[in-house]
There are 2 protein chains.
Amino acid sequence: MNIKMDEECCDMRGMLGFLILFLLSKKPMHGQEISEEITKRKGERPSPGTLYPSIKNLREAGFLDEKKEGKTITYTLTPSGKKALTIAKRKFCQIFLGVFP
Amino acid sequence: MNIKMDEECCDMRGMLGFLILFLLSKKPMHGQEISEEITKRKGERPSPGTLYPSIKNLREAGFLDEKKEGKTITYTLTPSGKKALTIAKRKFCQIFLGVFP
DNA sequence: TTAAATATATCGTATAACCGATATATATAA
DNA sequence: TTATATATATCGGTTATACGATATATTTAA
């Protein structure tokens, strides 16, 4: 995901960051939970080399807070992350209007 | 878009091919009409260097028929293209379940 | 205390979307 | 007939996604 998600969120070159933001908006999760949820939806597990760099991008963009408990890190959306998701969702829905039944 | 869209359609590395398939499922269009429709949805016009290679990919995958009339080419979904779209849509909806309001 | 399992993270590489610039062909206007 | 506009197409280069392999840290099991 591009760092400029606020302005251009949906250049649609990969939707992983967007999906992670969306999933975390439902409830805080750690990496393995995110991995599980994506596996359920896509039918295939994202490799760690895909998932964690994407999480890192979101964190560096200021969209995620982390809380470390032992070996797990629970990720939460920051206010900025919530705002970014709102903007991205609006654009997503506009672009794919009519695709959902 | 990957040539193997049937099996893996939604690797989500770019959604342009998927969007074009979807738009053509609504009605046959030529390149400039597709460009217009994408501009309306994304708020930005795709460059010819983006649009036409993507159309070419879909054509080479056997998803599009073309009918040339003068300088314009009208694109239509082939049966294979319709099938690919059906599969892709199903996966898309599964992955992004809950994103649409 | 050591071994195995789990969770997070990084690295190098490959792939493909995407763009800007440019090219070609057809149609229309002057 | 020539010039301009339109539609399609290609090329080179950039960028971000994504993967496999590997590394590190923590926890649990033996």
Side-chain angles (χ1 to χ4, degrees), chain A residues 1-21 24 28-39 41-61 63-76 88 95, chain B residues 1-5 7-21 24 28-39 41-61 64-76 88 95:
Chain A
M1 163 142 346
N2 198 312
I3 211 78
K4 292 188 294 176
M5 183 165 171
D6 262 311
E7 303 118 64
E8 321 182 351
C9 65
C10 291
D11 80 353
M12 293 302 156
R13 196 188 307 187
M15 301 289 299
L16 186 57
F18 175 68
L19 187 55
I20 293 172
L21 275 189
L24 288 177
M29 288 189 266
H30 54 262
Q32 287 310 304
E33 285 177 306
I34 295 173
S35 178
E36 279 301 325
E37 185 61 34
I38 290 174
T39 303
R41 287 171 176 258
K42 301 191 74 160
E44 201 169 325
R45 180 171 302 275
S47 104
T50 298
L51 181 62
Y52 288 104
S54 189
I55 290 175
K56 187 186 179 190
N57 288 342
L58 296 171
R59 177 163 31 83
E60 285 176 352
F63 296 161
L64 305 186
D65 267 342
E66 352 178 298
K67 199 173 115 192
K68 186 163 187 175
E69 298 158 271
K71 68 185 165 186
T72 73
I73 298 177
T74 299
Y75 302 99
T76 320
I95 292 172
Chain B
M1 163 142 344
N2 198 311
I3 212 77
K4 291 186 297 177
M5 183 166 172
E7 304 116 67
E8 320 181 352
C9 66
C10 290
D11 80 353
M12 294 299 156
R13 196 189 307 186
M15 301 289 300
L16 186 57
F18 174 69
L19 187 55
I20 292 173
L21 276 189
L24 288 177
M29 288 190 267
H30 54 262
Q32 287 308 302
E33 286 177 306
I34 296 173
S35 179
E36 279 302 322
E37 185 61 34
I38 291 174
T39 304
R41 287 170 176 259
K42 300 191 76 160
E44 201 169 328
R45 180 172 303 274
S47 104
T50 298
L51 181 61
Y52 288 103
S54 189
I55 290 176
K56 186 186 179 189
N57 287 343
L58 295 172
R59 177 164 31 85
E60 285 175 353
L64 304 187
D65 267 341
E66 352 178 297
K67 198 173 115 195
K68 186 162 188 176
E69 299 157 271
K71 67 186 167 185
T72 72
I73 298 176
T74 299
Y75 302 99
T76 319
I95 292 172

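Naming: A, B, ... by sequence-line order, numbering from 1 per chain.
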Response to the item:
Side-chain contact check for Pro48(A): nearest option of dA18(D), dA9(C), dA7(D) is dA9(C)

Worksheet item: Just how far, in rounded Å, is P of dA21(C) from CG of Leu51(B)?
Response: 18 Å

Practice prompt. Please tell me which of the listed nucleotides, dC18(C), dA9(D), dT27(D), lies nearest to the side chain of Lys71(A)?
Written response: dT27(D)

Worksheet item: Ile34(A) CD1 to dA7(C) P: how many Å, rounded?
Response: 13 Å

Worksheet item: Which comes earlier along DNA chain D counting from the 5' end, the contact point of Glu44(A) or that of Lys68(A), where each point is its nearest nucleotide?
Response: Glu44(A)

Worksheet entry | Whether over 12 other heavy atoms sit under 6.0 Å from Glu44(A) CD | no

Item to complete: Please work out if Gly49(B) contacts a base, only the sugar-phosphate, or nothing of the nucleic acid, heavy-atom cut-off 4.0 Å.
Response: base

Fill in: Glu69(B) CD - dA27(C) P separation (whole Å)
11 Å

Worksheet entry | Shortest non-hydrogen contact between Pro48(B) and Pro53(B), atoms and distance | O-CD, 3.4 Å

Worksheet item: What integer distance in Å separates Ile73(B):CD1 from dT24(C):C1'?
Response: 12 Å

Practice prompt. Would you mind reading off the distance between Ile55(B) atom CD1 and dT8(D) atom C1', rounded to a whole angstrom?
Written response: 9 Å

Fill in: Sugar-phosphate only, base, or nothing, as touched by Thr72(A) at under 4.0 Å among non-hydrogen atoms
sugar-phosphate

Worksheet item: Does any donor atom in the side chain of Glu69(B) or Thr74(B) lie under 3.5 Å from an acceptor atom in the other side chain?
Response: yes

Worksheet item: So what does Ser47(B) hit on the nucleic acid, given a heavy-atom distance under 4.0 Å: a base, only sugar-phosphate, or nothing?
Response: base

Worksheet, complete the sentence: Looking only at dT8(D), dA9(C), dA18(D), the nucleotide nearest the Arg59(A) side chain is dA9(C)

Worksheet item: Within this structure, what is the CG-to-C1' distance between Leu16(B) and dA16(C), rounded to whole angstrom?
Response: 12 Å

Worksheet item: So does Lys56(B) get a side-chain nitrogen or oxygen closer than 4.0 Å to the phosphate oxygens (OP1/OP2) of dT10(D)?
Response: yes

Discussion item. Which residue in the set Thr39(A), Ile20(A), Leu16(A) passes side chain to side chain contact (heavy atoms under 4.5 Å, CB included) when paired with Ile34(A)?
Written reply: Ile20(A)

Practice prompt. Report the nucleotide, chosen from dA18(D), dT8(C), dA9(D), that has the shortest atom-to-atom distance to any side-chain atom of Tyr52(B).
Written response: dA9(D)

Worksheet item: dA16(D) P sits how many Å from Met15(A) CE, rounded?
Response: 16 Å

Worksheet item: Of Gly70(A) and Thr50(A), whose nearest nucleotide on DNA chain D comes first from the 5' end?
Response: Thr50(A)

Discussion item. Quick check: do Leu58(B) and Leu24(B) have side-chain heavy atoms less than 4.5 Å from each other?
Written reply: no

Worksheet item: Expressed in angstrom and rounded to an integer, what is the separation of Leu58(A) atom CG from dA16(D) atom P?
Response: 14 Å

